[in-house]
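One structure is given below, encoded as structure tokens.
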Amino acid sequence: MERMYLKIKCASGERYAAFREGILTIGRLSLNKVVLDDAMASRRHCVIKRTPDGYLLQDLQSPNGTKLNGQSIQSAPLHLGDIITIGKTELTLVDTLGEPDELEVLEDEVAPPDDPISVLRRMADALLDRSFDVDAISLINTRGKPLLDPDDDAANESENVALLRLTLLICFRSYASDIHLEPRADDFLLRIRVDGNLLDLLQLSRETGIKFSAVVKVLSDLDTTQRTIVQEGHFATHVTLPAPPGQQASPAALPRRVDYRISFVPTLYGQKLVVRVFDTANAPLWLEDLHMPAPMAAEVKKFLTKSTGIIMVCGPTGSGKTTTLYSLLRSSGTTKRNIVTIEDPVEVQIKGTTQLPVDDSVGKGFAALLRSVLRQDPDVIMVGEIRDAETAKIALQAAMTGHMVLSTLHTRDTVGTIFRLLDLGIEPYIVAQGVDLIIAQRLVRNLCKVCRQPYLPTAEERRKLGPTGESVARIYGPKGCPKCLGTGYSGRRAFFECLHASEQLGELILQKPNPADVHRLLKETPFVPLLQAGYQLVAQGLTSMTEVDHVVGN
């Protein structure tokens, strides 16, 4: 892509800013790529975006406005020779430099100094999701108040606040679930968890790491002087999305809210900080968002319309069971049914449902709450997790006596769920009659679409792919690039194994079978095992063979 230049003419002289792609931010704030020394410029005044059709100039609702060729604009295409006016500063888009020896050239392709803000800025700019920039993120404390006074320039330019905001921007763009700030003997290590794996962002000095923690404590209303105790809290961010090109932002538009749960624990070298990110925009909300195979999705959707039965979602910790359960719950009709959930803890609030938190310390365990819920005239009951025989028995009996029940169980696969219930001491006739639909799942990382590498599958890989492998000319593996933080993967998706109880399976359960007996029965049905469901994603080029083998435990 050709290199373009922005000629900047102001009272102090002329200079150039060069760029190829992405977003060129302009304003008085030091975080901008083009910093203006003009009192009439806003901290974040406007941006120039590289688009497939050329360049787009967009005003960021600045008080003094942005003019293009003398006309005030909100958003407009930008062409060579056009003059942008911001206060007393003129900026012109050109394709050649003037006299480089006499001018300061701001070339963004030359690596800036390795200060923490520059490192995080480069990481954020390299990522694919650029729907908004750091200026759209507002920090909201525990009491719902903005951290900073909008007119306080000095506070806005604080390095520690800027570091936090850029870290949160990287989390938004990489869909990270956690932030870790780990104290070490001489410094701090800042890491984020992306697609289930921890990635190092950068090292911070002891002083910067402590100040970074202090900003989080101020946001969470925690005592900043305490550094040797356990501290917990929360804060939030509001993200105001920019208006589409050529349109003004709607005054009634609500900002996107993201919540963060804070945990400080004392270690040998100081407090370790973990920030848990609760961004519902990154999670599937409905059955259709789970990307189930069409026949499986149709079967689950049909079952959700029934008034009785139980759906059990199984898998290890971190396999996305609760997210799937929430998606099924929303798709079951929250406005027409009395839906009650029992959770430990309640982490996502669902409109139209009654959500009860478990508290064993006061006798409100899963089993005790489930008995109480049955007297609340429920249509749908969600039990966050079946942990013991009593809860399992009550849930199955509720499903057999006129309620729709959704729950999770920690087992490897659908067949293992049947035997886990039997091991808990549930009578075989209750398992045979009560279990209706069992879904096993895993989360697998998607290959980065930018850098994935095609290759010819080996004979062993074709054997694993089964019949699907006969028609597959190539499959893909990870490489790694700046747009995926060097991992080779970007985002995750679930894949599933679905077992629909049949009359034959019920009769077999009554005979006290072993797992091999059940698997022999399932081979005579269209049942697709979990591992084979993962290999189907490999054949489609969505993930790698090693990734599926890793998450399933082949």
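Just so you know, residue 1 is the first one in the sequence shown, and it goes up from there.
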Non-hydrogen atoms of Val194 and Ser174 that approach each other most closely: CG1-O, 3.4 Å
Please determine whether salt bridge (Lys or Arg N to Asp or Glu O under 4.0 Å) holds for the pair Arg445 and Asp195, giving the CA-CA distance in whole Å, both sets of side-chain angles, and the decisive distance to 0.1 Å. CA-CA 6 Å; Arg445 293 182 292 173; Asp195 301 331; 5.8 Å; no
Output all residues satisfying side-chain hydrogen bond (donor to acceptor under 3.5 Å, both in side chains) with Arg442, sequence neighbours left out; order by chain, then residue number. none
Looking at Tyr476, I'd like to know if the NZ or CZ of Arg452 sits under 6.0 Å from its six-membered ring centre while staying within 45 degrees of the ring's axis. yes
Please tell me if the side chains of Arg191 and Leu201 come closer than 4.5 Å, counting only heavy atoms from C-beta onward. no
Less than 4.0 Å between a side-chain N and a carboxylate O, is that true for Asp259 and Arg257? yes
Whether the Thr341 and Thr353 side chains hold a donor-acceptor pair (N or O, under 3.5 Å, no angle test) is what I'd like checked. no
With sequence neighbours excluded, residues passing ring pair (Phe, Tyr, Trp, His ring centres under 6.0 Å) with Tyr260: Phe235
Distance check, rounded to the nearest 0.5 Å: Thr354 atom OG1 versus Met382 atom CE? 12.5 Å
Give a yes or no answer on whether the side chain of Gln441 reaches the backbone of Val313 with a donor-acceptor pair at less than 3.5 Å. no
Indicate yes or no for a side-chain donor-acceptor contact from Asn446 to the backbone of Thr543 under 3.5 Å, with no hydrogens or angles considered. no
Inspect the contact between Asp549 and Lys464 and indicate whether a charged nitrogen and a carboxylate oxygen are less than 4.0 angstrom apart. yes
Stepwise side chain to side chain donor-acceptor pair (under 3.5 Å) check, Ser407 with Glu385: CA-CA 6 Å; Ser407 191; Glu385 181 183 349; over 6 Å; no
Looking at every non-hydrogen atom in both residues, tell me the closest pair between Ala367 and Ile394 and how far apart they are. O-CD1, 4.0 Å
Side-chain contact test, heavy atoms from C-beta onward, threshold under 4.5 Å: evaluate it for Val548 versus Leu537 and give yes or no. no
Any sub-3.5 Å donor-acceptor pair from Glu343's side-chain atoms to Leu356's backbone N or O? no
Under 4.5 Å between any side-chain heavy atoms of Lys306 and Asp436, yes or no? no
Ion pair present between Arg143 and Asp221, side-chain N to carboxylate O less than 4.0 angstrom? yes
Taking it one step at a time, do Arg184 and Asp186 satisfy salt bridge (Lys or Arg N to Asp or Glu O under 4.0 Å)? CA-CA 6 Å; Arg184 303 188 295 191; Asp186 300 316; over 6 Å; no
Determine whether more than 12 heavy atoms belonging to other residues, nucleotides or ligands lie under 6.0 Å from atom CD of Gln226. yes
Spatial distance of atom OG (Ser331) from atom CD (Glu288) [nearest 0.5 Å]: 5.5 Å
Can you name the side chain to side chain contact (heavy atoms under 4.5 Å, CB included) partners of Gln433, sequence neighbours left out? Met400, Tyr429
Roughly how far, to the nearest 0.5 Å, is CG of Leu522 from CG of Leu505? 6.5 Å
Trace of the salt bridge (Lys or Arg N to Asp or Glu O under 4.0 Å) decision for Arg520 with Asp517: CA-CA 5 Å; Arg520 277 193 293 270; Asp517 297 328; 2.3 Å; yes
May I have the step-by-step check of salt bridge (Lys or Arg N to Asp or Glu O under 4.0 Å) for Asp133 and Arg173, ending in yes or no? CA-CA 10 Å; Asp133 207 346; Arg173 293 183 174 181; 3.6 Å; yes
For Asp344, all residues meeting salt bridge (Lys or Arg N to Asp or Glu O under 4.0 Å), sequence neighbours excluded: Arg387
Side chains of Leu406 and Ile381 in contact at under 4.5 Å (non-hydrogen atoms): no
Within the distance-only criterion (no hydrogens, no angle test), does the side chain of Lys321 pair as donor or acceptor with the backbone N or O of Leu409 below 3.5 angstrom? no
Do Thr391 and Asp388 get their side chains close enough for a donor-acceptor pair, meaning under 3.5 Å? yes
Counting neighbours of OH on Tyr269 that are heavy atoms of other residues, nucleotides or ligands and sit closer than 6.0 Å, is the number greater than 12? no
Under 4.5 Å between any side-chain heavy atoms of Ile438 and Cys314, yes or no? yes
So, is the end of the Lys217 side chain (NZ or CZ) under 6.0 Å from the ring centre of Phe264 and within 45° of the ring's axis? yes
I'd like to know if Lys393 pairs up with Glu427 as an ion pair, taking the criterion as any Lys NZ or Arg NE/NH1/NH2 lying under 4.0 Å from an Asp or Glu carboxylate oxygen. yes
Ser220 vs Asn141 side-chain heavy atoms within contact, under 4.5 Å: no
Working to the nearest 0.5 Å, report the span between NE2 of His234 and OG1 of Thr142. 4.5 Å
Which heavy-atom pair separates Ala533 from Val528 by the least distance, and what is that distance? N-CG1, 4.0 Å
Do Thr324 side-chain atoms and Gly320 backbone N/O form a donor-acceptor pair below 3.5 Å? yes
Please walk me through it: do Tyr175 and Ser490 pass side chain to side chain donor-acceptor pair (under 3.5 Å)? CA-CA 9 Å; Tyr175 313 112; Ser490 179; over 6 Å; no
Is there a donor in the side chain of Ser205 and an acceptor in the side chain of Thr208, or the other way round, less than 3.5 Å apart? yes
Taking all heavy atoms of Thr224 and all of Ala214, pick out the closest pair and write down the distance. CG2-O, 4.1 Å
Backbone N/O of Leu465 and side chain of Gln532: donor-acceptor pair under 3.5 Å: yes
With rounding to the nearest 0.5 Å, note down the distance linking CG in Leu424 to CZ in Phe419. 13.5 Å
Quick one: side chain to side chain contact (heavy atoms under 4.5 Å, CB included) partners of Ala281, sequence neighbours excluded? Arg256, Asp279
Distance-only, no hydrogens or angles: does the Asp129 side chain make a donor-acceptor pair with backbone N or O of Ser131 under 3.5 Å? yes
Contact summary for Ile386 and Ala395, nearest pair of heavy atoms: CD1-CB, 4.3 Å
The ring pair (Phe, Tyr, Trp, His ring centres under 6.0 Å) partners of Phe172 (sequence neighbours excluded) come to Phe132
Could you report the tightest heavy-atom contact between Ile350 and Gln355, atom names first, then the distance? N-OE1, 2.9 Å
Checking the side chain of Arg165 only, and the main-chain atoms of Val134 only, is there a donor and an acceptor separated by less than 3.5 Å? yes
Give, for atom CD1 of Ile439 and atom CG of Asp413, the distance between the pair rounded to the nearest 0.5 Å. 14.0 Å
With a 4.5 Å cut-off on side-chain heavy atoms, are Leu222 and Glu232 touching? no
Kindly determine whether Phe303 and Met404 satisfy side-chain contact (heavy atoms from CB on, under 4.5 Å), including the steps that lead there. CA-CA 10 Å; Phe303 189 86; Met404 170 65 70; 3.8 Å; yes
I want to check something: taking the side chain as every heavy atom from C-beta on, are Leu530 and Arg412 in contact at a cut-off of under 4.5 Å? no
Candidate pair Ile210 and Arg227, rule side-chain contact (heavy atoms from CB on, under 4.5 Å), full reasoning: CA-CA 9 Å; Ile210 291 172; Arg227 299 180 185 175; 3.5 Å; yes
